[in-house]
Amino acid sequence: MTQSAIAESATASNSRSRTNSTRTTVADRRFVLFWLAALVFYAGTLLSFWAAYDRSAAFGRLAALTAGLVATAVIALLARRGHHALIAWMGLGCLALAVLIGSYFLLIYDWQAAGAGKVAIIYRLGLWLQAVRPTIPLPFSDDINGNVAGGALVLLLPLGLGGAGWLMQNRSASRVVRPLGGVAVTAAAIFVLAAIMMTLSRGSWFAVAASLVAATYVAWRGRMEKDRLWLDVIFFAAIAAFLIGIFALAVLWPGSSAGVSGVDALLGSATGVGGSGAGRVSLWRDMLPLVADYPFTGGGLGSTMMVFSSYILMLHVGFIGHAHHLFLQIAVEQGLPAMVAFSVMTGTAAWGVLRSAAQPGRRRDFPASAAIAAIVAMLIHGTVDAGTWTSKLAPVVFLPLGFALATWALPVSDGFNLPRSSGRTAWAASALALAALFIVALLPSTRSAVQSNLGAVAQTRAELGLYAWPEWPIQDAVRRSGQIDLTPAMRHYEAALSLNPTNAAASRRLGQIELSLGQYEAATKHIQAAFDVTPDRRPERQLLGEIRAINGSPQGAAELWRTISLTHQQLALRHWWYNEIGEPEKAALVAQGAQLAGQ
């Protein structure tokens, strides 16, 4: 070899070394960012556990979410230790779990009770299957919703195929897998796809289609000889814009929650307790006030159903268990910080997969196409449903994140050796972020939101911790019983209003308590103040309508009540309540307003 050739070779080697060092640094930064976000998410989850009024239900949710995070950490740690085959076997285990869940669904689901579904031929096939399948003993036959099963299956299928693909391509592992593996994996995949079709979950169907597109894109990117960052930016931005755009368009679409907009009809309805239903868009709009009521803690793990019914729909029984939107559900149940943290976790994992796929020939612990397919499936299905997240299958939702980390997690020996300049930049950015958070925390509006959040938690734990139907006919009866102390909650609301008089959440919640206690003048003042700030929210309209009615203006009440959905006999319940407390004249005014409103 000539001297010049040796010099060129050394130069190329040094260039590759610098490039690999840069990649290691970038990947390590992503790894740190992911786990910092996970720490914030889990802190929010613990805070939500504290806020919950039912600790037994909250503990089950905490255990499920903890298991999901632990599974993610285990997969990431194995990847950094270089246990490629073990990760692939875990991926193949996801396919086996999908087969089990699919089999359980097909053996348990009641198509007859569900009624004629969206696709007649699948409904008839389900009825036939229900007639010929064996009976499962009751202790092992917990009902499973089609959206819950479908949401789990669309995540597990690509992960399972990714694990199987890695094992079949690996020489040492293929000796075990190849002889019967191809046939068995193909049969399992076909079975899982059939189970997804039988769930009648359109969100799951769209998720499968979207995950196939995403996997195809990543596989195509992996064959490129040059890194084209702009392609990944466009792909990533397109997914984010779609997810944010669908939600924003639906919520901001003109029209009242009493009607059904074109977007609402497209996204379909959500089934509540007893087969009752609500349009997804209307449900999202109605859930948003809960985010304002509990911005930092969420309503509490496992508490969404009764919190939503009691303080938004103002019903005495549970209506619906979750927000039918993954990220909205996290915000409602666990608070905005947890929702933002989970978004950062998901975005970091997805971006890491895309950038890993852009490095031709790079060693990966798991196929990038399978990981991105599972993440996209989670996001698309999460756009219309959150049943899997709130069920016992919640740990499954975290698996795409763990396997995504396995596509770009580096061995521990690479360490976290960041360049000094990069480290200084990171510290400076962190210091600025902390300073900004400190300044925001000192703002009167932020302190007011903290006080109203504490008041909402105190009220929820006091009222719903005691309330149970039919032992108590209505939440107002608990407030009047003298068996709970709402003074702490009311003090928090008053402190919130002293800091920020336009805090609509504090005004409404305080006014609702005063209305129950018969303090009508104070209730009028606070509910009107809440309406002045947020006139489009459903609870403000329902409460102000009631205030107008009992103050002698049933026509004014009807004007507000016509703009919201009151199909669950809310006004009949209020009519009964005023008769129950010995105020028949107010009951008559509520009845008159309801009649004028056509309710």
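Computed from heavy atoms alone, side chains included, the values below leave out hydrogens, waters and symmetry copies.
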- Answer yes if the ring centres of Trp389 and Phe342 are under 6.0 angstrom apart, and no otherwise.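 Close enough - the centres of the two rings lie under 6.0 Å apart.
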
- Validation row, ring centre Trp351 to ring centre Phe34 under 6.0 Å: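 Ring centres of Phe34 and Trp351 not closer than 6.0 Å.
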
- Task: Please list, chain by chain and in numerical order, all residues satisfying salt bridge (charged side-chain N to carboxylate O under 4.0 Å, His left out) with Glu583, sequence neighbours excluded.
- Result: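 Result, salt bridge (charged side-chain N to carboxylate O under 4.0 Å, His left out) vs Glu583: Lys586.
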
- Task: Assess the side chains of Arg509 and Ser452: does a donor N or O sit below 3.5 Å from an acceptor N or O?
- Result: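 Result is no, nothing qualifies.
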
- Message: Tell me which pairs pass side-chain hydrogen bond (donor to acceptor under 3.5 Å, both in side chains) where either residue lies in residues 524-533, with sequence neighbours left out.
- Response: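 Only Glu514-His526, Thr524-Asn551, Gln528-Asp532 qualify under side-chain hydrogen bond (donor to acceptor under 3.5 Å, both in side chains).
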
- Show your working on side chain to side chain donor-acceptor pair (under 3.5 Å) between Thr390 and Gln329 and close with a plain yes or no. CA-CA 9 Å; Thr390 58; Gln329 176 59 31; 5.9 Å; no

- Message: Tell me whether Arg61 forms a cation-pi arrangement with Phe49, defined as NZ or CZ under 6.0 Å from the six-membered ring centre and within 45 degrees of its axis.
- Response: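 That pair does not qualify as a cation-pi contact.
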
- Check whether NZ of the Lys or CZ of the Arg Arg461 lies under 6.0 Å from the centre of the six-membered ring of Trp50 and within 45 degrees of that ring's axis.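 Yes - Arg461 lies over the ring of Trp50, closer than 6.0 Å to its centre and within 45° of its axis.
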
- Message: Among Pro289, Ser282, Ser565, exactly one meets side-chain contact (heavy atoms from CB on, under 4.5 Å) together with Arg538. Which residue is that?
- Response: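 The single option meeting the side-chain contact (heavy atoms from CB on, under 4.5 Å) with Arg538 is Ser565.
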
- Of Ile527, Thr502, Leu497, which meets side-chain contact (heavy atoms from CB on, under 4.5 Å) against Ser507?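 Going through Ile527, Thr502, Leu497 one by one, the side-chain contact (heavy atoms from CB on, under 4.5 Å) with Ser507 is satisfied by Leu497 alone.
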
Indicate every side-chain donor-acceptor pair of residues 463-472 with a distance under 3.5 Å to a residue at least two apart or in another chain.
residue: Glu463; atom: OE1; partner: Tyr311; partner atom: OH; Å: 2.7
residue: Glu463; atom: OE1; partner: Arg479; partner atom: NE; Å: 3.4
residue: Glu463; atom: OE1; partner: Arg479; partner atom: NH2; Å: 3.3
residue: Glu463; atom: OE2; partner: Gln459; partner atom: NE2; Å: 3.2
residue: Glu463; atom: OE2; partner: Arg479; partner atom: NE; Å: 2.8
residue: Tyr467; atom: OH; partner: His316; partner atom: O; Å: 2.4

- Query: Among Asp385, Asn147, Asn145, which residue meets the side chain to side chain donor-acceptor pair (under 3.5 Å) test with Ser201?
  - Reply: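 Answer after filtering Asp385, Asn147, Asn145: Asn147.
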
- Task: Check whether more than 12 heavy atoms from other residues, nucleotides or ligands sit under 6.0 Å from atom CZ of Phe206, and answer yes or no.
- Result: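 For Phe206, atom CZ is not crowded (no more than 12 foreign heavy atoms under 6.0 Å).
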
- Task: Any chance you could measure Thr66, atom OG1, to Tyr42, atom OH, to the nearest 0.5 Å?
- Result: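 Nearest 0.5 Å value for the OG1-OH distance: 3.0 Å.
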
- Message: Whether Asp476 and Arg574 form a salt bridge (side-chain N of Lys/Arg under 4.0 Å from carboxylate O of Asp/Glu) is what I want to check.
- Response: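 Salt bridge present between Arg574 and Asp476.
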
